[in-house]
Amino acid sequence: MSKELAKTYDPKGMEDRIYQNWMDKGYFHAKVNPDKKPFTIVMPPPNVTGQLHMGHALDNTMQDILIRFKRMQGYETLWQPGTDHAAIATEVKVTESLKERGIDKDEIGREEFLKYAWEWKEEYGGKIINQLKKMGSSADWERERFTMDEGCSKAVEEVFLKLYEKGYIYRGSRIINWCPVCQTSISDAEVEHEEQAGHFWHIKYPVVGEEGQFVEIATTRPETMLGDTAVAVNPNDARYTHLIGKMLKLPLTDREIPVVADEYVDQEFGTGCVKITPAHDPNDFEVGKRHDLEEINVMNDDATINERGGKYAGMSRYDARKAIVADLKEQGLLVKVTEHVHNVGTHDRCKTTVEPMIKPQWFVRMKEMAKAAIEVLDTDQLNFVPERFDKIYLHWLENIRDWCISRQLWWGHRIPAYYCDQCGEVVVDRKTPDRCPKCGCTHFTQDEDTLDTWFSSALWPFSTLGWPEQTPELEYFYPTNVLVTGYDIIFFWVIRMVFSGLEQTGKSPFDHVLIHGLVRDSQGRKMSKSLGNGIDPLEVIEQYGADALRLTLITGNAPGNDMRFYWERVEASRNFANKIWNASRFIMMNLEEAKIEEPERFQLKVADRWILSKLNTLTKEVTENMEKFELGIAVQKIHDFLWDEFCDWYIEIAKLRIWAAEHDPDSSEYALWTLKTVLSRALKLLHPYMPFITEEIYGTLCPEEESIMISEWPKFKEEWQFPYAEEMIDNVKAIVRGVRNIRAEMNVPPSKKTRVYIVSEDEGLCERLEMMKDTYVKFLSASRVRIQMTRKNIGDDAVSIVVPNAVVYLPFEELVDKEKERERLQKEEDRLKKEISRCEGMLRNEKFLSKAPESKVQEEREKLEKYARMLEQVKARLEQL
């Protein structure tokens with residue numbers, strides 16, 4: 001071997017070099033290959049404005065593990081990358097950037113603004129892609145896409161036209177989420193609901209023509225009463241049946257509104273009377289439609305009260321609330337105010353409270369497409385991992401509302417709808433119409449709105465492969481195999497991709513959806529800017545390397561569950577990498593002069609067969625775990641095998657044979673062959689999780705192979721099953737551990753050698769242990785090891801250790817000097833009695849108990865219990881002496 005591993009593991013010095021080599025060799029690039037089965041994952045496109053955070057790091061690490069695993073299994077793997085144009089986020093960023101340069105967005109106009117937006121995208125848009133590369137992501141960057149590139153834009157236009165022609169897209173006035181700051185409608189996905197302390201204002205609505213009679217309603221938003229067009233009661237509520245059909249005087253206005261009966265009203269909640277404001281509440285909107293109520297919008301786009309609000313016009317919604325409550329109180333119409341905690345929707349971008357508002361917008365009719373999306377789950381064409389997320393998926397689809405797809409933004413896919421300047425006729429087409437089909441006018445104005453970002457990302461699995469063209473890539477790589485995403489995005493993105501894929505291609509866009517949880521801080525809190533507890537993955541990589549971060553994110557990770565990030569775990573991952581590195585260096589240093597040829601089965605020693613058998617079982621189990629997406633379970637098994645079985649046991653056993661090569665060269669050669677074979681195959685199992693260190697070691701260990709990432713995934717080999725060897729080494733490990741534990745308990749220095757007797761009635765076990773003495777005798781710090789079937793010649797004071805099918809004895813007098821040990825134990829007994837006395841004194845002291853923090857009192861109680869246990873052990877040892 002000409003190349004050597006560096007003396008110390010330094011991820012900084014190798015990760016960028018290795019990644020660049022992979023890129024140069026084109027290992028990530030996928031081609032249509034009829035001789036191979038395809039395996040496809042589409043990367044959830046990060047926002048073009050985005051910066052790598054721990055959620056991205058986890059999401060992409062999981063995808064990369066699956067892609068690397070399948071690539072080694074011989075599949076033609078496509079991991080399709082790209083970025084999302086992130087309409088609102090990008091528009092905000094560009095607008096802020098222009099402001100800093102003294103440029104006003106509205107003054108320069110749409111076309112000029114879009115030029116700046118594209119320039120901004122070209123300059124800053126690739127940042128997160130470069131950060132994903134630092135993670136080791138083996139995506140096919142040659143196929144990188146953008147939701148507003150020419151191909152994706154063509155797909156968006158095609159889908160809009162097809163859905164419009166089918167009657168699934170329409171323009172109408174419905175309740176939408178409106179952001180008064182960003183001045184646009186936003187999707188449900190962009191609304192964060194948080195519990196806030198608020199109030200219920202109880203207000204009297206007088207009954208017209210009946211002096212002194214009124215109904216009492218309770219509302220959390222008094223300012224919206226200016227748009228009330230009815231009060232609803234449950235038709236079965238005996239308290240109010242006599243009022244149904246009567247009119248009420250709407251306070252603070254000159255309007256009268258009816259009392260209507262509707263089963264939407266919960267008789268048990270509040271007063272049983274509900275004010276109906278169809279233009280400002282989605283449930284009220286539906287009630288209004290059922291009763292043909294007027295829809296009165298009392299707010300401007302900036303959430304100030306409009307001219308329909310009378311004297312309150314021009315006030316902000318919150319100033320109007322104060323003024324309205326004051327006026328109601330003055331007129332004797334405010335009954336009471338009670339505290340109430342309720343969910344308030346805020347825009348996830350600017351944190352402004354969202355205003356439900358009726359506006360003319362473009363919508364997608366969801367009923368038919370939702371039904372198809374439910375059927376693919378029922379027929380197992382779509383599977384969630386873990387399965388419990390089926391319920392969330394179904395619940396959302398069964399309660400789905402029509403989807404508002406228009407946004408009042410400039411950055412995005414502009415809606416391909418044109419309005420006749422003469423008669424207002426709407427024409428949906430790929431380009432500006434030549435002539436109005438209704439009046440013959442030749443002048444049109446295109447709709448100013450753009451499409452919801454989710455509209456384009458819903459097409460991502462097939463638009464990135466060339467749809468609507470029937471490309472070879474689309475035919476070969478679609479449907480994709482797995483989507484990896486967080487549980488917080490099921491409703492908004494996953495479901496939209498499913499119904500869009502079914503509608504446009506007739507197929508579910510993926511077979512499996514692997515759901516992961518959130519990465520939380522060490523206290524279990526969600527990472528956020530406001531808490532200041534976010535951790536930059538790039539800082540972790542800079543300090544510990546990408547492999548350590550990847551291993552940390554996956555160790556203990558279970559599908560669907562949140563995980564906590566601890567720096568100690570990153571250090572443990574780095575320590576594991578160091579362990580593998582140093583073990584590999586030892587093996588390779590000894591391989592330099594060796595002639596490595598595969599021995600015959602009968603030539604292998606018991607320890608060789610044991611480690612091969614363990615590796616064989618590991619290969620089978622890890623492959624099964626990964627096929628079932630149990631990535632955390634699989635990597636824990638690989639970690640435990642390499643650290644414990646291979647490094648701590650087999651290498652230590654092999655060292656004795658290597659160092660004794662002069663006396664038994666064959667045994668040394670077999671050990672070296674086994675070391676190289678096991679290490680190379682174990683590195684392959686580890687590679688999807690820790691790609692950099694495994695590539696560096698494997699390239700040095702097996703220079704005849706081009707790269708570990710295109711090497712063959714290990715397979716189970718029947719001829720490597722050695723159950724008896726596993727049983728034998730398990731016996732040896734139990735004996736060694738038992739002896740080491742007892743020596744540690746009795747503080748016997750490692751340099752002190754003792755006789756060791758192993759007694760078993762199993763003659764076959766005795767014979768095998770005798771044959772294997774050279775494997776374990778040095779681990780026992782023994783002056784002599786005797787294996788016998790009876791207790792003959794073993795003193796009564798010998799310390800015994802029970803292990804499977806045998807008992808191990810160590811002569812007591814050889815372990816300790818009785819007089820010195822008795823003296824030491826008596827001093828320890830005195831010390832412990834003093835400590836117990838001190839603790840008991842403190843715990844009887846009323847002053848201490850009343851003034852000390854509870855944690856300090858508890859600490860003293862725990863110390864007392866600990867010292868009492870230790871005293872019992874010391875007394876038992878003294879009695880034994």
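Everything numeric here is computed off the predicted structure, so don't read it as measured data. Index from 1, following the sequence.
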Counting only heavy atoms from other residues, nucleotides and ligands, does the tally under 6.0 Å from NZ of Lys438 exceed 12?
no
Straight-line distance of Glu158 CD to Leu163 CG, nearest 0.5 Å
10.0 Å
Student check: side-chain heavy atoms of His340 and Thr220 closer than 4.5 Å
yes
Between Val191 and Gly345, which heavy-atom pair has the shortest distance, and what is it?
CG1-CA, 3.7 Å
Of all heavy-atom pairs between Ala218 and Thr271, which one has the smallest distance, and what is that distance?
N-OG1, 4.4 Å
Less than 3.5 Å apart, which donor and acceptor atoms pair up between the side chains of residues 194-202 and the rest of the protein, not counting sequence neighbours?
from, atom 1, to, atom 2, distance (Å)
Glu194, OE2, Gln196, NE2, 2.9
His202, ND1, Glu216, OE2, 2.8

Looking at side-chain heavy atoms only, is the closest gap between Arg221 and Arg317 below 4.5 Å?
no
Only one of Phe455, Tyr170, Tyr164, Trp403 passes ring pair (Phe, Tyr, Trp, His ring centres under 6.0 Å) with Phe363; say which it is.
Tyr170
Roughly how far, to the nearest 0.5 Å, is the CD atom of Glu223 from the OG atom of Ser316?
9.0 Å
From Asp452 atom CG to Ser457 atom OG, the distance as rounded to the nearest 0.5 Å:
7.5 Å
Is it the case that more than 12 heavy atoms not belonging to Lys249 sit under 6.0 Å from its NZ atom?
yes
For a 4.5 angstrom cut-off between non-hydrogen side-chain atoms, does Pro251 reach Met225?
yes
Counting only heavy atoms not in Glu112, do more than 12 sit closer than 6.0 Å to its CD atom?
yes
Under a 4.0 Å N-O cut-off, is there an ion pair linking Lys359 with Asp301?
yes
Atom pair OG1 (Thr95) and CG (Asp104), whose distance is rounded to the nearest 0.5 Å
9.0 Å
Crowded around Lys246 NZ? As in, over 12 foreign heavy atoms under 6.0 Å?
yes
Check this for me: does any side-chain nitrogen of one of Asp402 and Arg365 sit under 4.0 Å from a carboxylate oxygen of the other?
no
Taking all non-hydrogen atoms of both residues into account, name the closest pair between Pro258 and Thr229 and its distance.
CD-O, 3.2 Å
Which pairs with one or both residues in residues 286-323 pass ring-ring contact (aromatic ring centres under 6.0 Å, His included), sequence neighbours excluded?
none
Test side-chain contact (heavy atoms from CB on, under 4.5 Å) on Trp178 and Met299 and set out the steps.
CA-CA 11 Å; Trp178 181 261; Met299 286 196 196; over 6 Å; no
With a 6.0 Å cut-off (strictly less than), is the heavy-atom count around CD of Glu210, excluding the residue itself, greater than 12?
yes
Note, Trp493 side chain near Pro45 side chain (heavy atom, < 4.5 Å)
yes
Interatomic distance, CG@Asn300 vs CD@Glu355, rounded to 0.5 Å, equals 11.5 Å
Residue list, salt bridge (Lys or Arg N to Asp or Glu O under 4.0 Å) with Lys99, at least two apart or on another chain:
none
N-O pairing of Glu157 and Lys431 below 4.0 Å
no
Answer yes or no: are there more than 12 heavy-atom neighbours, outside Glu398 itself, under 6.0 Å from its atom CD?
yes
Could you walk me through whether Trp467 and Trp460 satisfy the ring pair (Phe, Tyr, Trp, His ring centres under 6.0 Å) test, starting with their C-alpha distance in whole Å, then the side-chain angles of each, then the deciding distance to 0.1 Å, before giving a yes or no?
CA-CA 10 Å; Trp467 189 95; Trp460 192 245; over 10 Å; no
Geometric cation-pi criterion Lys93 and Trp120, 6.0 Å radius, 45° cone
no
4.5 Å side-chain heavy-atom contact, Trp410 and Thr450
no
Closest non-hydrogen contact found for Ile175 with Pro278 is CD1-O, 3.4 Å
Salt bridge check, Glu448 against Arg110: does any charged N sit closer than 4.0 Å to a carboxylate O?
yes
Identify the heavy atoms of Ala373 and Tyr393 that sit nearest to each other, and give their distance.
O-OH, 2.7 Å
So, do Gln381 and Lys507 sit near enough that their side-chain heavy atoms are less than 4.5 Å apart?
no
Shortest non-hydrogen contact between Leu382 and Leu377, atoms and distance:
O-CD1, 3.4 Å
Between Glu368 and Lys166, is there a side-chain N and carboxylate O pair less than 4.0 Å apart?
no
Could you measure the distance from the CD1 atom of Ile217 to the NZ atom of Lys275? Nearest 0.5 Å is fine.
6.0 Å
Check this for me, if you would: do Glu96 and Lys105 make a salt bridge, where the nitrogen-to-carboxylate-oxygen distance has to be below 4.0 angstrom?
no
